Amino acid sequence: MTNEADVIVVGGGIGGLAAAYSLGKVGKTVIVLEQAPQFSEVGAGLQLGPNALRALDSIGLLEEVYKYSVLPKRHVFMDAIEQRELSALNFGEGFRERYGYPYVVMHRTDLHSVLLEGCRSLENVKTYVNHKVSTIENLDRSVRVTCENGNIYNGGFLVGADGLWSTVRKFVVNDEPVTSQYVAYRGTVPMDEMKVQIDWDEKYTWIGPGLHMVQYPIREKKVINQVAVFKSTRYENGEADWGTPEELDEAFSKCCPTLQHSLKYINRDRNWKMFDREPVSNWTVGRVTLLGDSAHAMLQYLAQGACQALEDACCLTEKVLTYQEDIEKALIEYQNERIPRTSAVQRGARTWGEMKHAEDPVTILLRNTVMLNRTEDDFKYVDWLYSEEAFIAK
């Protein structure tokens, strides 16, 4: 069986569906190939900064996303040991005026559903599950994809948006994911069952030596999303079984009572070992390019993984429209614009993780001094992420 389209997108996550919808909206025929039995997103809470909302606005889905969003008043940074506020970022009027958009949190599945329904609303976008790619061939003026189920697809170009463990990336780059030695436990709890007494109109990041916890409400503030992250000593010791629930409890045992109680609501039947990729100077071979985590997997410490994938989708669509008669040039121009930006965010996420998790007393003192002496309306540390100039930077 052979199917043809202007674009083949491999991967039906947030980045892949955003690219499919954005390209479909401008008239391209698109085939989305997802290897799983169904389209779904793993995880719970998701944060979208103004740069992500700007991208969603650009492709025409912002108002739909707002229906599922919660708008926290501030991002509050707390000392996980001493239970004191270290700093905050005010998401109020000044923030919105500066960046043109608010800061929202939502359930990851809700954003994914908006993108999936958007794709399904377009007759020129076809979505398929149970399609794991086995081979990719760059032809003279097209790309041929063969799937393990025997189906073959031809496209004008191919977008690899199949995540951290991308199959398509292997066609472009010979590398492997990099472990950070950190582990995340995630979970949600109904608001009426959450007995922790803090202001749930705000978003919290509790930071401590070798650990942090994030807390914020989603789904009309009826549900609390929590993520507990810690550095595994078992990994450092070379043990195969690392990141266990026992390690989770041990890591947070020195934390304040609020976190001790919050930890009781964390789901312990699954964890996420945290990996990223080294930034690379090329995402493209012929008519095959990468997008989202396939291109620039990053640690979660700046909450930019989905945001950067959404930016990718907008940029790719713009370049395809600009260079319609020369798709290979369009893909090169796309990566030339995006690689400096995403590489900076990848490196920034690593640096911010080191700051959050600082263990040396001198480093902790210096970090806390800076945080305690800035005002919550001082936005200079996030301009590079959220400003329109950063979004459109060439």
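In this chain, numbering begins with 1 at the start of the sequence shown. The model shown is predicted, which means the values in this text are computed figures rather than measured ones.
Between the side chains of Y99 and D383, at least one donor N or O sits under 3.5 Å from an acceptor N or O. Donor-acceptor pairing under 3.5 Å is recorded for the side chains of D57 and Y101. Side-chain contact, S232 with Q181: no donor N or O sits under 3.5 Å from an acceptor N or O. Inspection of the E41 and T109 side chains reveals no N or O donor paired with an N or O acceptor under 3.5 Å. Residues Q47 and Y103 have side chains that bring a donor and an acceptor to within less than 3.5 angstrom of each other. Q346 and D276 form no side-chain donor-acceptor contact under 3.5 Å, judged by distance and modelled atom types alone. In this structure, a donor-acceptor pair under 3.5 Å is absent between the side chains of N51 and Y386. In summary, the side chains of S343 and H296 do not present any donor paired with an acceptor at a separation below 3.5 Å, with no hydrogens or angles considered. For the residue pair D6 / T29, a side-chain donor-acceptor distance below 3.5 Å is found, with atom types taken as modelled. If you check the side chains of R169 and S294, you find no donor sitting under 3.5 Å from an acceptor. Side-chain contact, S134 with E148: no donor N or O sits under 3.5 Å from an acceptor N or O.
A donor-acceptor pair under 3.5 Å is formed between the side chain of N138 and the backbone N or O of V285. Side chain of S58 to backbone of R54: no donor-acceptor contact under 3.5 angstrom is found. Side-chain atoms of E239 do not come within 3.5 Å of backbone N or O of R234 as any donor-acceptor pair. Checking side-chain atoms of T146 against main-chain N and O of T135 turns up no donor-acceptor pair under 3.5 Å. Distance alone, capped at 3.5 Å, is enough to place a donor-acceptor pair between the Y265 side chain and the K195 backbone.
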* Please step through side chain to side chain contact (heavy atoms under 4.5 Å, CB included) for the pair R277 and D175, ending with a clear verdict. => CA-CA 8 Å; R277 294 269 191 173; D175 68 351; 2.8 Å; yes
* Asked: Passes ring pair (Phe, Tyr, Trp, His ring centres under 6.0 Å), F275 versus W165? Steps please.
  -> CA-CA 10 Å; F275 294 83; W165 303 98; 5.3 Å; yes
* **CA sep, side-chain torsions, deciding dist, call: Y323, I332, side chain to side chain contact (heavy atoms under 4.5 Å, CB included)** => CA-CA 10 Å; Y323 302 101; I332 292 298; over 6 Å; no
* Under the ring pair (Phe, Tyr, Trp, His ring centres under 6.0 Å) rule, what do H357 and F230 come out as? Steps first, then yes or no, please. => CA-CA 8 Å; H357 304 140; F230 66 93; over 10 Å; no
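Counting non-hydrogen atoms of neighbouring residues, nucleotides and ligands closer than 6.0 angstrom, the CZ atom of R84 exceeds 12 such neighbours. For E236, the CD atom counts as densely surrounded, since its 6.0 Å shell holds more than 12 non-hydrogen atoms of other residues, nucleotides or ligands. By the neighbour-count criterion of 12 heavy atoms within 6.0 Å, atom OH of Y128 is densely surrounded, having more than that number from other residues, nucleotides or ligands. Other residues, nucleotides and ligands contribute more than 12 heavy atoms inside 6.0 Å of the CG atom of N237.
Salt bridge absent: K319 and D326 never bring a charged side-chain N and a carboxylate O closer than 4.0 Å.
How far NZ of K25 is from OG1 of T317: 11.5 Å, rounded to the nearest 0.5 Å. In this structure, I207 CD1 and H212 NE2 are separated by 9.5 Å, a value rounded to the nearest 0.5 Å. Here D162 contributes atom CG and T167 contributes atom OG1; the two are 5.5 Å apart, rounded to the nearest 0.5 Å. Once rounded to the nearest 0.5 Å, the distance linking CZ of F95 with CG of L71 reads 10.0 Å. Atom CD1 of I198 and atom CD of Q215 lie 4.5 Å apart (nearest 0.5 Å).
When ring centroids are compared, Y216 and W200 stay outside the 6.0 Å threshold. Taking the six-membered ring for Trp, F77 and W352 have ring centres closer than 6.0 Å.
Shown are K126, R144, H131; of these, the side-chain hydrogen bond (donor to acceptor under 3.5 Å, both in side chains) with Y153 is made only by H131. V288 pairs with exactly one of V172, V159, V10 by the side-chain contact (heavy atoms from CB on, under 4.5 Å) rule, that one being V172.
Two residues are said to be in side-chain contact when any heavy atoms from C-beta on lie closer than 4.5 Å; P217 and M191 meet this criterion. No side-chain heavy atom of W206 sits under 4.5 Å from any side-chain heavy atom of L211.
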